[in-house]
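Quick note: residue numbers are just sequence positions, from 1. Reckoned from all heavy atoms, side chains included, excluding hydrogens, waters and symmetry mates.
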Amino acid sequence: MGAIRQCSRSACRQSAVATLTYVYADSTAVLGPLATYAEPHCYDLCEQHAGSLTVPRGWEVLRLAMPAQPPQPGPDDLLALADAVREAASRPAAPAAGQRAAHSALEAPAATEGTRRGHLRILREPS
């Protein structure tokens, strides 16, 4: 679950409810529901800025249907979250601050043709 995203307009601290994208080839601005993930060339807008959106002369605004309320987490979302928590809990604990992690000693592979690549060499963990 990500953090609540804010409106992309400067000095606006409202929560974003819509995502704005541009299709430059068609001179079209597309305004739709808030995207699942923040994309680099999209703009998240609050309700006020989404409602008062204007585009350059000659451009068209395509407004997609906005949901009445944000979608609530479904059973699949909750199961994915539970799986992620279980996976994180099963990992070995990280060393405390200031301590180095214990690494097993690496040994060079047996001399075989093709294991050396210029200045790099493949090291295998002892089994």
Side-chain angles (χ1 to χ4, degrees):
M1 301 282 170
I4 296 176
R5 300 194 319 244
Q6 291 184 343
C7 183
S8 297
R9 297 288 301 260
S10 59
C12 183
R13 299 287 179 222
Q14 299 297 316
S15 297
V17 296
T19 298
L20 173 67
T21 11
Y22 294 104
V23 182
Y24 290 100
D26 298 333
S27 299
T28 304
V30 180
L31 183 67
L34 187 63
T36 307
Y37 300 102
E39 296 289 335
H41 299 287
C42 296
Y43 301 93
D44 296 333
L45 299 175
C46 66
E47 191 171 348
Q48 177 188 357
H49 288 119
S52 64
L53 174 72
T54 60
V55 294
R57 186 173 295 151
W59 279 58
E60 179 183 356
V61 178
L62 180 61
R63 293 180 187 266
L64 303 177
M66 300 290 283
Q69 55 181 314
Q72 299 299 317
D76 291 338
D77 296 332
L78 295 176
L79 289 174
L81 179 60
D83 290 340
V85 169
R86 279 189 214 106
E87 182 182 327
S90 68
R91 291 187 194 139
Q99 292 182 345
R100 295 182 59 163
H103 293 286
S104 59
L106 297 176
E107 56 188 48
T112 59
E113 194 63 34
T115 58
R116 187 167 172 88
R117 302 251 188 231
H119 66 283
L120 302 176
R121 190 181 338 190
I122 299 172
L123 299 178
R124 293 189 178 88
E125 288 193 35
S127 37

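- Think of V30 as one node in a network of Ile, Leu, Val, Met, Phe, Trp and Tyr side chains linked at under 4.5 Å; its network also takes in V23, L62, L64.
- Under a hydrophobic-cluster definition in which Ile, Leu, Val, Met, Phe, Trp and Tyr are linked whenever side-chain heavy atoms come within less than 4.5 Å, directly or via other members, V17 and L53 are assigned to different clusters.
- If you take CD on Q48 and SG on C7, they are separated by 8.5 Å, rounding to the nearest 0.5 Å.
- Q6 CD: more than 12 foreign heavy atoms inside a 6.0 Å radius.
- Minimum heavy-atom separation, A16 to L34: O-CD2, 3.6 Å.
- The two atoms that bring D26 and T28 nearest to each other are O-OG1, 3.0 Å, heavy atoms only.
- Applying the salt bridge (charged side-chain N to carboxylate O under 4.0 Å, His left out) test to R57 and every residue at least two apart in sequence or in another chain returns nothing.
- The side-chain heavy atoms of R9 and L45, taken from C-beta on, include a pair separated by under 4.5 Å.
- The distance from atom OH of Y22 to atom OG of S27, rounded to the nearest 0.5 Å, is 12.0 Å.
- Applying the side-chain hydrogen bond (donor to acceptor under 3.5 Å, both in side chains) test to pairs two or more places apart or on separate chains, those with a residue in residues 12-21 are T19-D44.
- Taking the side chain as every heavy atom from C-beta outward, H49 and L20 never approach each other to under 4.5 Å.
- Hydrophobic clustering of Ile, Leu, Val, Met, Phe, Trp and Tyr side chains at less than 4.5 Å, counting indirect connections, keeps Y37 apart from I4.
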